[in-house]
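Letters A, B, ... mirror the listed sequences (proteins, then strands); counts begin at 1.
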Protein chains: 2
Amino acid sequence: MAYRPTDQIIHKAAWLYYTHGLRQDEVAQRLNISRASVALYLRRAREAGIVNISTSTHLFRDDRLARRAEDAFGLDTVWLTGEDELSATPAAEIPTLAANVFLEMVENGDRVCVAWGRTVYAIADAMNYADREGVTVVEMCGNLGSPYSYRPDQCTMEIARRLNARGLNFYAPLVLSTEKLARELREEPVIREQLDGIGACDLALFTVGTLDTDSHVIKCGALSLDELEKLKAMGAAGVIAGQIITADGRLLDCDYNRRMISADFDAIRAIPRRLMVVQEDEKFEPLLAAIAGRFFTHLVTTSSMAARLVEHHAASQPAPA
Amino acid sequence: MAYRPTDQIIHKAAWLYYTHGLRQDEVAQRLNISRASVALYLRRAREAGIVNISTSTHLFRDDRLARRAEDAFGLDTVWLTGEDELSATPAAEIPTLAANVFLEMVENGDRVCVAWGRTVYAIADAMNYADREGVTVVEMCGNLGSPYSYRPDQCTMEIARRLNARGLNFYAPLVLSTEKLARELREEPVIREQLDGIGACDLALFTVGTLDTDSHVIKCGALSLDELEKLKAMGAAGVIAGQIITADGRLLDCDYNRRMISADFDAIRAIPRRLMVVQEDEKFEPLLAAIAGRFFTHLVTTSSMAARLVEHHAASQPAPA
DNA sequence: CATGTCGATTGACAAAAGTCAATCAGAGCT
DNA sequence: AGCTCTGATTGACTTTTGTCAATCGACATG
């Protein structure tokens with residue numbers, strides 16, 4: 001909030017250049033500094049979100065397939081990246097698109113809730129700096145040591161930084177060793193408050209996880225391969241905010257879930273706008289489960305995934321009126 | 001709404017250039033067009049609001065004087081342009097600043113209400129293109145032939161165009177020749193609906209007018225010099241949406257006002273965010289009247305005007321607690 | 001069918017912006 | 001004071017971007 005001394009001149013340079021359309025040398029002259037400095041300041045201004053450059057994401061929504069997916073699953077909006085010339089590797093485009101969509105969805109004063117994981121981190125990384133006001137970013141679930149280069153709390157903090165927002169971390173691990181401890185921890189006032197705060201959010205950003213051998217929960221060591229197999233036998237189909245769900249989108253009744261500190265599903269569904277981002281083809285089944293559980297209202301994914309979803313939907317619900 | 005065929009490629013070029021940070025020649029190569037075309041498309045994208053470049057207006061709010069003005073008059077936010085190096089002619093900076101502030105205030109789905117006049121037209125002219133969704137722009141009052149190069153309805157339409165919004169004009173003149181006719185016209189369903197719609201707006205943009213010999217109402221021929229003198233003798237202090245107000249911000253009880261088709265003052269005050277923009281030093285008295293009538297919640301003006309306002313306030317309300 | 005018109009497109013050149021090594025200024029330390 | 005480190009600033013150079021006259025192509029018209 002409080003501007004550092006040099007921010008004043010950066011701000012002035014940005015105003016003259018971007019708003020008044022002066023050239024860099026004119027700005028330099030006006031502010032009595034070298035043109036090289038102006039160029040530097042302008043980069044700073046863009047990085048700090050003093051200047052916002054955003055590209056409309058309409059293009060990705062103006063797509064037959066996206067509309068059909070919206071209709072099929074009753075979603076507010078679907079954005080798709082195709083295999084066109086926009087990107088060499090379509091999947092890698094997802095985080096960029098998601099970051100832009102997310103930025104368009106955040107409004108001043110919003111309280112937003114983010115999950116964590118590889119995809120969410122990639123989104124944070126691809127996100128532009130923006131100067132929103134009064135935004136708060138909270139975590140959706142407890143933390144976990146991570147095998148990747150990031151930690152869950154860094155995810156939240158990075159997004160908060162990009163949005164010029166306040167970031168609040170969860171002061172709890174994701175999974176505890178006993179159900180009793182989890183229950184007790186959930187009743188701690190600090191934790192209780194954080195859990196209760198999730199339902200009061202305006203916007204959520206999250207993904208659905210797989211239950212493969214190289215899925216997140218396994219890699220983080222939260223779950224052993226043995227346990228995984230047992231859970232799959234019990235009907236585990238995907239992971240939402242750390243919690244295991246069944247194919248019909250309900251919380252799987254198992255010990256693991258009971259040892260968890262994470263958002264209550266009703267709280268998640270109480271958030272009006274919920275953006276789901278799915279990058280990997282392997283997440284087809286988990287995504288179906290997430291749809292069944294009505295976990296999200298907005299979706300960013302690949303065209304091929306959307307095609308599979310729509311096809312599956314048509315097959316399972318034959319002959320509409 | 002519906003994109004013309006070439007918009008697709010403009011959109012793609014904008015995405016690759018602004019979001020992915022490719023150079024123009026790389027974009028050209030990727031899309032199989034010449035680099036010159038890319039440069040052209042990018043300009044179009046900026047003009048059409050597919051790409052938004054905006055500069056934060058914080059700089060103009062981070063000002064002691066602005067804060068004092070906010071406190072003194074209970075306003076939400078005040079933005080000031082000073083006599084610094086940002087502009088050769090400080091007053092000419094006002095429309096630019098106001099346009100940027102206004103753009104920051106408009107949110108998707110808003111219904112905004114704009115008055116008309118030289119200042120509002122200058123603001124429309126300085127406004128960037130933006131791609132808001134579901135915005136409606138309505139006029140605040142009836143129309144009048146104008147001695148300047150613009151017409152009231154053009155004001156509304158221009159702002160609508162810049163916001164990619166729907167513009168609705170008032171189907172009535174501002175002043176009629178008899179009170180009876182005005183009353184009858186106000187009861188016409190079309191007009192009634194338009195008048196009623198004003199209170200349902202989310203945001204308003206307007207100015208306060210003077211009552212000098214070269215003021216708007218005179219120049220437009222709505223009022224003769226004789227009438228003007230009489231009205232001033234009756235306590236006329238300024239003009240809000242065509243209507244004459246007294247120094248304490250109330251509607252002046254006169255024949256002229258009764259012949260008017262314009263927004264009801266309570267309807268105006270029912271709009272949650274109301275941006276007042278004042279450029280000319282001569283508008284000091286009218287602005288005081290507008291403050292007294294609590295017509296606005298946000299203000300863009302010059303530092304010198306703000307200084308006079310704050311000084312006046314301090315003098316009239318001595319020794320606060 | 002030739003001809004005019006209008007917008008889209010391009011190549012070539014001029015203008016503007018980006019970059020980087022070198023320099024400078026100040027803070028902190030011995 | 002002298003030294004070192006860090007970050008800001010700049011001049012000189014390179015790369016990228018903006019512009020515009022010329023050309024192309026589709027369509028309408030005499």
Residues in side-chain hydrogen bond (donor to acceptor under 3.5 Å, both in side chains) with [X], at least two apart?
{"X": "B:Tyr18", "value": "B:Arg46"}
{"X": "B:Asn128", "value": "none"}
{"X": "A:Arg111", "value": "none"}

Base-contact (B) and sugar-phosphate-only (S) positions in nucleotides 13-19 of chain D, heavy-atom cut-off under 4.0 Å, - elsewhere: ---SBBB

Identify each donor-acceptor pair in which a side-chain atom of residues 94-105 of chain A lies under 3.5 Å from a protein atom, sequence neighbours left out, and give them as a table.
residue	atom	partner	partner atom	Å
A:Asn100	ND2	A:Thr96	O	2.9
A:Glu104	OE1	A:Thr57	OG1	3.3
A:Glu104	OE2	A:Thr57	N	3.3

Provide, to the nearest angstrom, the distance between the [atom1] atom belonging to [X] and the [atom2] atom belonging to [N].
{"X": "A:Gln29", "N": "D:dG11", "atom1": "CD", "atom2": "P", "value": "14 Å"}
{"X": "B:Arg44", "N": "C:dT9", "atom1": "CZ", "atom2": "P", "value": "8 Å"}
{"X": "A:Tyr18", "N": "C:dA17", "atom1": "OH", "atom2": "P", "value": "9 Å"}
{"X": "A:Asn32", "N": "D:dT9", "atom1": "CG", "atom2": "P", "value": "13 Å"}

Any A:Ser34 side-chain nitrogen or oxygen under 4.0 Å from OP1 or OP2 of D:dT9: no

A:Ser37 side chain near D:dT9 phosphate (N/O to OP1/OP2, under 4.0 Å): no

Salt bridge (charged side-chain N to carboxylate O under 4.0 Å, His left out) contacts touching residues 120-129 of chain B (sequence neighbours left out): B:Asp125-B:Arg162

Aromatic ring proximity, centroids under 6.0 angstrom, A:Phe206 and A:Trp116: no

